[in-house]
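To start, the structure under review is shown below, and the notes come after it.
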Amino acid sequence: MYRIVRKEVLNPQVKLLEIEAPYVARKAEPGQFIILRVDKDGERIPLTIADYDREKGTVTIIFQEVGASTMKLGQLNEGDSLQDFCGPLGVASHFEGVKRAAVIGGGLGTAIAYPQAKKLHNMGVSVDVITGFRNKDLIILEKEMAAVSDRLFVTTDDGSNGTKGFVSDILKKLLEEGAAYDVVIAIGPPIMMKVVCDVTRPYGIKTIVSLNPIMIDGTGMCGGCRVTVGGQTKFACVDGPDFDGHQVDFNELMRRLSMYKDFETASVERHKCRLEGVANG
Amino acid sequence: MANMSLKKVPIPEQDPKVRSRNFDEVALGYTEEMAIEEAKRCLNCKHKPCVSGCPVNVRISEFIALIAEGKFEEAYEKILETNSLPAVCGRVCPQETQCEARCVRAIKGESVAIGRLERFAADWAMKNTKRKYKDIPKNGKKVAIVGSGPAGLSCAGDLIKMGYDVTIFEAFHMPGGVLVYGIPEFRLPKSLVQEEINGLLEQGVEIKTNMVIGKVLTIDELFEEGYSAVFIGSGAGLPVFMRIPGENLNGVYSANEFLTRINLMKAYREDAETPIMRGKLVAVVGGGNVAMDAARSALRLGAEKVYIIYRRSEAEMPARLEEVHHAKEEGIIFKLLTNPVRIIGDEKGWVKGIECIEMELGEPDASGRRRPVPKPGSEHVIDVDTVIMAIGTSPNPLIRSATPDLATNKWGCIEADEETGRTSKEGVFAGGDAVTGAATVILAMGAGKKAAKAIDEYIKSKNV
């Protein structure tokens with residue numbers, strides 16, 4: 001069993017769990033992911049690693065409650081344990097030769113962008129971080145990102161934090177002002193990553209995206225996570241999750257992500273009923 | 001007195017109409033009376049050709065003689081001497097090409113029903129007896145096994161009996177490999193696999209789940225952790241696709257994904273947390289056992305029509321005859337000499353049809369089977385909402401990419417000696433589908449057994 005040693009509520013929908021998993025912590029690198037199960041009948045949930053502490057033997061995950069399984073995960077508290085925690089999976093991000101980087105996090109993607117920014121920063125790379133959220137109440141990891149970046153830009157869709165616009169708008173402005181990056185790392189909803197790639201394409205800046213398609217095993221076995229990259233089918237779990245964003249077929253990715261939407265809606269309803277049943281009973 | 005009937009005692013089965021809508025086991029198994037009657041068909045002949053047809057050399061005529069005498073527990077123990085998973089083998093072994101193919105009774109009439117009798121003995125023992133194990137002195141040596149499928153389990157079963165400390169590393173959250181994620185409940189009940197695994201645990205085998213070797217630990221790190229030898233039985237888990245247009249449409253599954261969702265994640269249950277598409281019109285591409293499993297599972301999920309699309313004729317089908325027969329009984333539609341050209345999607349990107357071309361058989365190819373050749377102009381579309389690709393699997397590259405000094409062949413299979421499982425890397429042995437590519441449960445078990453013997457010899461000779 002994998003014990004939860006720390007829990008934080010980052011915003012009403014997003015929670016952080018630091019979990020005891022010494023084997024995973026020993027090997028984890030930015031860009032990799034884990035698969036967990038909450039309980040013995042639980043679904044396998046893939047989540048990208050948000051942080052790790054090799055000495056403490058812990059791995060941190062940050063997640064949004066989108067379906068019944070992540071809602072159940074969100075109800076666990078410090079001292080509770082997860083049934084399963086498997087990783088690190090996928091290929092670690094590579095940053096050799098990078099001198100100037102922009103790291104972009106959209107919403108929950110900020111949690112995954114954080115270890116990347118941290119690693120680059122620790123390597124001595126000049127890092128600009130741009131994060132974007134729907135409104136100011138949803139902002140996460142602002143302090144943490146500030147500590148690992150040269151410049152931090154936080155923007156909101158509605159302007160409620162004083163800066164209005166999408167992350168891609170900020171990036172566009174920075175590029176127009178002459179910012180030169182060796183690499184742009186964009187992590188967030190597929191549509192955001194797609195738009196960021198459209199912004200960097202004319203500049204010819206290498207743009208790395210982290211994909212989160214539907215998968216079961218995370219070891220190359222099911223093929224559910226297949227994505228088209230540069231016209232070829234890749235498995236995000238073993239070939240990624242990082243890919244060259246300019247080559248990714250985002251439309252296909254978004255379509256495949258919607259495969260179980262009806263099921264998810266129904267399962268959330270079922271789960272809520274059960275929760276309310278417990279509350280009333 | 002020998003029973004000279006030319007036919008096997010029939011095994012009771014669920015009615016096809018009923019079973020095609022549930023996931024319960026198809027074959028119900030012999031009663032004691034049926035088993036004794038069938039056991040009496042064995043002539044206990046001198047040469048015992050059946051034994052050499054078995055990859056783990058089960059003492060077939062001896063256990064059958066014990067069944068004939070009503071000594072069921074003794075019969076089970078006789079099987080266990082060489083086979084650590086009798087309840088599994090009695091169900092999923094291709095006996096018709098192995099032990100039963102060599103049975104003297106098959107010269108005239110049907111062979112003795114060796115598989116059914118093996119299953120009977122195992123089921124009887126599980127129900128009526130409590131396992132007991134001899135106390136085996138520990139020799140203080142540790143062996144690591146990668147993968148808890150048939151190869152790993154049989155290797156572990158033999159090594160623990162020799163006094164080794166055995167640890168199995170499993171990538172999934174549950175041990176069993178293909179026995180739990182691949183083979184459906186209606187052919188191999190999962191409770192039974194769990195029983196067999198419990199037997200190993202009771203003997204002291206340790207199983208560490210959620211451990212993806214090659215990622216969380218490398219083979220070299222296993223040696224650093226004090227293991228004297230490593231056996232790799234990581235299977236052939238990587239699905240193969242056809243590389244035709246439309247394969248990434250919503251509603252196209254690999255058989256691996258489809259079956260894993262159903263078998264390991266229990267997506268067939270109404271209250272399951274893991275979703276699955278319950279297609280109404282389903283095409284399964286391929287002609288092996290996995291294709292039959294996928295087709296019959298789709299039917300049980302409520303499909304109205306399920307097609308098997310196979311590019312050769314029935315004679316070339318690699319699936320077991322019994323599986324093809326069961327599939328037909330249940331109403332699976334066989335589109336033979338037919339090959340998909342592309343999968344067609346609707347405006348939202350969901351599968352709505354599969355375009356196929358008719359084939360005819362030409363000259364034999366490298367596999368000795370006649371090569372299918374497309375018939376120009378015979379393209380046609382079959383309306384389906386789900387397509388399942390069951391055209392094979394290849395070994396997972398995770399271990400070989402993390403172990404550069406482990407030699408593999410051009411198909412990605414680990415190179416290992418057939419008799420010992422020895423690989424190019426000192427102290428590392430391998431067997432099962434990771435070496436052969438997709439094959440059978442019993443061949444993997446045989447390889448695990450041979451490797452256990454070789455590992456014992458290696459550790460003793462090297463004194464590592």
Side-chain angles (χ1 to χ4, degrees), chain A residues 2 21 23-24 26-28 32 34-45 67-69 72 83-90 214-228 232-233 235 238 249 251-264 266-267 270-271, chain B residues 170-174 181-182 208-218 221 234-241 243 247-261 264-267 269-278 345 348-350 389 393-399 401:
Chain A
Y2 307 82
Y23 274 107
V24 185
R26 230 161 64 180
K27 285 288 179 74
Q32 291 188 295
I34 55 93
I35 288 189
L36 64 81
R37 292 198 320 143
V38 176
D39 51 34
K40 69 175 182 31
D41 294 317
E43 191 177 3
R44 290 174 67 91
I45 310 172
S69 297
K72 241 175 26 181
Q83 180 80 21
D84 295 291
F85 197 82
C86 176
L89 300 167
I214 294 166
M215 61 177 76
I216 302 268
D217 59 295
T219 65
M221 229 196 71
C222 76
C225 66
R226 55 199 191 276
V227 289
T228 302
Q232 282 188 318
T233 295
F235 289 1
V238 287
D249 182 343
N251 294 337
E252 179 188 275
L253 175 72
M254 288 185 265
R255 169 168 55 69
R256 290 185 61 80
L257 277 168
S258 73
M259 200 148 152
Y260 298 106
K261 220 168 199 163
D262 294 347
F263 183 94
E264 275 158 21
S267 77
R270 272 209 315 257
H271 186 72
Chain B
E170 167 57 43
F172 266 131
H173 55 265
M174 184 184 272
Y181 77 72
K208 291 192 175 184
T209 51
N210 299 322
M211 295 293 273
V212 181
I213 300 303
K215 284 288 176 192
V216 72
L217 287 172
T218 62
E221 284 167 330
S234 51
L238 220 63
V240 176
F241 287 91
R243 296 170 185 267
E247 266 183 319
N248 290 352
L249 289 166
N250 288 9
V252 182
Y253 282 112
S254 72
N256 258 6
E257 180 180 2
F258 187 70
L259 291 171
T260 301
R261 282 179 184 273
L264 181 72
M265 306 311 296
K266 310 285 172 221
R269 293 187 191 156
E270 286 297 333
D271 62 346
E273 289 188 19
T274 301
I276 191 153
M277 270 190 57
R278 291 171 183 258
K348 286 184 173 160
W350 290 76
M389 289 292 171
T393 53
S394 61
N396 199 308
L398 277 182
I399 290 176
S401 59

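Because only heavy atoms are used, hydrogens play no part in the values below, and waters and symmetry mates are left out as well, while side chains stay in. Chain A is the first sequence line, chain B the second, and so forth, proteins listed ahead of strands; every chain is numbered from 1. This structure is a prediction, so every number in the text was calculated from the model and none was measured.
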Between B/Leu217, B/Ile276, B/Thr393, who has the most heavy-atom pairs with chain A when the cutoff is under 4.5 Å?
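Maximum pair count with chain A is reached by B/Leu217.
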Pick from B/Arg269, B/Lys266, B/Met211: which one has the most heavy-atom pairs with chain A under 4.5 Å?
B/Met211
Heavy-atom distance under 4.5 Å to chain B: side chain of A/Phe85, backbone, both or neither?
backbone
At a heavy-atom separation under 4.5 Å, does A/Ile214 approach chain B through its side chain, its backbone, both, or neither?
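The side chain, not the backbone.
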Closest non-hydrogen atom pair between A/Cys86 and B/Ala171, with its separation
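Here A/Cys86 and B/Ala171 meet closest at SG-O, 3.7 Å.
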Of all heavy-atom pairs between A/Ser258 and B/Trp350, which one has the smallest distance, and what is that distance?
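Between these two residues, the closest heavy atoms are O-CZ2, 4.4 Å.
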Is there a side chain to side chain donor-acceptor pair (under 3.5 Å) between B/Asn210 and A/Tyr2? Walk through the geometry before answering.
CA-CA 11 Å; B/Asn210 299 322; A/Tyr2 307 82; 3.3 Å; yes
Distance in Å, [X] [atom1] paired with [Y] [atom2], rounded so as to fall on 0.5 Å steps:
X        : Y        : atom1 : atom2 : value
B/Asp271 : A/Asp41  : CG    : CG    : 7.5 Å
B/Glu221 : A/Tyr23  : CD    : OH    : 10.0 Å
A/Thr228 : B/Asn248 : OG1   : CG    : 4.5 Å
B/Tyr181 : A/Cys222 : OH    : SG    : 11.5 Å
B/Phe258 : A/Ile216 : CZ    : CD1   : 12.0 Å

Let's go through A/Arg44 and B/Thr274 carefully: what are the C-alpha distance in whole Å and the side-chain angles of both, what is the deciding distance for side-chain contact (heavy atoms from CB on, under 4.5 Å) to 0.1 Å, and is it a yes or a no?
CA-CA 8 Å; A/Arg44 290 174 67 91; B/Thr274 301; over 6 Å; no
Determine whether [X] and [Y] make a side-chain contact, defined as any pair of heavy atoms from C-beta on separated by less than 4.5 Å.
X        : Y        : value
A/Met259 : B/Met277 : yes
B/Phe241 : A/Thr233 : no
A/Arg26  : B/Val216 : no
B/Leu398 : A/Val238 : yes

Does A/Arg226 come within less than 4.0 Å of B/Glu247, counting only side-chain N to carboxylate O?
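No.
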Do the side chains of B/Glu273 and A/Arg37 get close enough for a salt bridge, i.e. N-O under 4.0 angstrom?
no
Need one label for [X]: side chain, backbone, both or neither, based on atoms under 4.5 Å from any heavy atom in chain A.
X        : value
B/Glu170 : neither
B/Leu259 : neither
B/Leu238 : both
B/Ala272 : backbone
B/Met174 : neither

Go through B/Asn250 and A/Arg255 one step at a time and tell me if the side chain to side chain donor-acceptor pair (under 3.5 Å) criterion holds.
CA-CA 7 Å; B/Asn250 288 9; A/Arg255 169 168 55 69; 3.0 Å; yes
Winner by heavy-atom pair count (cut-off under 4.5 Å) against chain B, out of A/Met221, A/Glu43, A/Arg256:
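If we count pairs closer than 4.5 Å to chain B, A/Met221 comes out on top.
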Do B/Lys215 side-chain atoms and A/Gly90 backbone N/O form a donor-acceptor pair below 3.5 Å?
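Indeed, once roles are kept as given, a pair shorter than 3.5 Å links the two residues.
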